[in-house]
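Residues: numbered from 1 along the sequence shown. All values reported here derive from a predicted model rather than from experimental measurement.
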Amino acid sequence: MTVDEYINRQTPEIHRLLDHIRRLILEAAPRIQEKINWGVPFYSHKGQLCYLNPLRSSEVAVDLCFLRGYELTNAQNVLENRGRRTVRSLVIRAGEVNEDLIRELLQEAIQLNETSKEKPATFQRKRD
């Protein structure tokens, strides 16, 4: 499945939100790659960068999850820890897309992947 196919399978509201966030991610750096991994859109740039996860709730919202989120400064105090070891996420609700904030977080994550001597984190599903 492609990212386009994934987005097209969503409800119209989630489709619009995913499309908007996807555009911001792809504009953040010229060589960002996207693919479906673990059933959701994943983005990489010199290592895994982030992924998009529509929230299963009554509100229209998407998690923008940063694979190395624990290493981001979170100066804006907007990233949440949802029990994942390294991932931190920004919940983006329909009608509340702060493009400047998203761009700022993406640039910090990209910079981290470009300059870090450590190998970027890899996403691994919890084993039951």
Side-chain angles (χ1 to χ4, degrees):
M1 174 187 317
T2 67
V3 173
D4 284 323
E5 290 169 336
Y6 177 88
I7 291 173
N8 287 333
R9 289 182 174 186
Q10 307 303 314
T11 65
E13 297 84 8
I14 291 290
H15 181 282
R16 282 190 293 276
L17 188 55
L18 284 170
D19 228 19
H20 191 166
I21 301 165
R22 176 190 191 196
R23 180 180 52 81
L24 294 172
I25 293 169
L26 294 175
E27 289 173 355
R31 290 195 171 92
I32 287 182
Q33 298 175 345
E34 68 176 353
K35 68 178 182 175
I36 297 296
N37 195 11
W38 299 103
V40 295
F42 259 78
Y43 298 86
S44 60
H45 176 78
K46 298 192 179 196
Q48 292 182 335
L49 185 66
C50 62
Y51 64 94
L52 296 173
N53 186 30
L55 295 178
R56 308 286 182 232
S57 67
S58 59
E59 66 181 336
V60 176
V62 171
D63 251 348
L64 171 56
C65 305
F66 293 92
L67 277 291
R68 297 177 78 170
Y70 68 101
E71 295 179 70
L72 299 177
T73 62
N74 196 18
Q76 310 86 350
N77 199 29
V78 293
L79 297 177
E80 297 180 15
N81 177 359
R82 297 195 174 209
R84 300 175 211 136
R85 191 174 60 117
T86 61
V87 176
R88 300 293 180 271
S89 64
L90 173 66
V91 176
I92 304 168
R93 292 170 181 78
E96 298 178 13
V97 179
N98 183 335
E99 290 186 3
D100 291 335
L101 173 64
I102 294 168
R103 285 185 187 107
E104 187 177 331
L105 291 168
L106 286 166
Q107 287 307 312
E108 185 180 356
I110 289 166
Q111 184 72 22
L112 181 64
N113 276 9
E114 289 178 345
T115 61
S116 179
K117 291 183 170 114
E118 281 185 40
K119 183 178 177 185
T122 57
F123 182 78
Q124 294 182 0
R125 184 174 280 180
K126 278 179 142 178
R127 297 194 186 262
D128 296 324

- prompt: Got a sec, which residues hit side chain to side chain contact (heavy atoms under 4.5 Å, CB included) with Q33, two or more places apart in sequence or on another chain?
  reply: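 Residues passing side chain to side chain contact (heavy atoms under 4.5 Å, CB included) with Q33: S44.
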Mind checking what makes side-chain hydrogen bond (donor to acceptor under 3.5 Å, both in side chains) contact with [X], not counting sequence neighbours?
{"X": "T73", "result": "E108"}
{"X": "Q76", "result": "E104"}
{"X": "D4", "result": "R22"}
{"X": "Q107", "result": "none"}

Show me, pair by pair, the donor-acceptor contacts under 3.5 angstrom made by side chains of residues 10-17, not counting sequence neighbours?
{"residue": "Q10", "atom": "NE2", "partner": "Y6", "partner atom": "O", "Å": "3.1"}
{"residue": "T11", "atom": "OG1", "partner": "I14", "partner atom": "N", "Å": "3.3"}
{"residue": "H15", "atom": "NE2", "partner": "N8", "partner atom": "OD1", "Å": "2.9"}

- request: Could you tell me which non-hydrogen atom of C65 sits nearest to which non-hydrogen atom of V87, and how far apart they are?
  value: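 Closest pair (atom of C65, atom of V87, distance): CB-CG1, 3.7 Å.
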message: Show the nearest heavy-atom pair for residues I36 and M1, with the distance to one decimal.
response: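 Nearest heavy atoms, I36 then M1: CG1-O, 3.3 Å.
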Please answer: with hydrophobic residues joined when any side-chain heavy atoms are less than 4.5 Å apart, are [X] and [Y] in the same cluster?
{"X": "V78", "Y": "L72", "result": "yes"}
{"X": "L55", "Y": "V60", "result": "no"}
{"X": "L101", "Y": "Y51", "result": "yes"}
{"X": "V3", "Y": "I92", "result": "yes"}
{"X": "I32", "Y": "L52", "result": "yes"}

What I'd like to find out is whether the side chain of [X] reaches to under 4.5 Å of the side chain of [Y], using heavy atoms alone.
{"X": "L79", "Y": "F66", "value": "yes"}
{"X": "Y43", "Y": "N37", "value": "no"}
{"X": "S89", "Y": "L64", "value": "no"}

- prompt: Under the side chain to side chain contact (heavy atoms under 4.5 Å, CB included) criterion, do V97 and I102 qualify, and how do the steps go?
  reply: CA-CA 8 Å; V97 179; I102 294 168; 3.8 Å; yes
Are the side chain of [X] and the backbone of [Y] linked by a donor-acceptor contact shorter than 3.5 Å?
{"X": "N81", "Y": "R88", "answer": "no"}
{"X": "N113", "Y": "Q48", "answer": "yes"}
{"X": "E96", "Y": "R93", "answer": "no"}

message: Against C50, only a single residue in L105, L90, I25 fulfils side-chain contact (heavy atoms from CB on, under 4.5 Å); can you say which?
response: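 For C50, the side-chain contact (heavy atoms from CB on, under 4.5 Å) check succeeds only for I25.
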Mind checking the [atom1]-[atom2] spacing from [X] to [Y]? Nearest 0.5 Å is all I need.
{"X": "I110", "Y": "H45", "atom1": "CD1", "atom2": "NE2", "answer": "5.5 Å"}
{"X": "E34", "Y": "T2", "atom1": "CD", "atom2": "OG1", "answer": "8.5 Å"}
{"X": "I21", "Y": "E99", "atom1": "CD1", "atom2": "CD", "answer": "10.5 Å"}

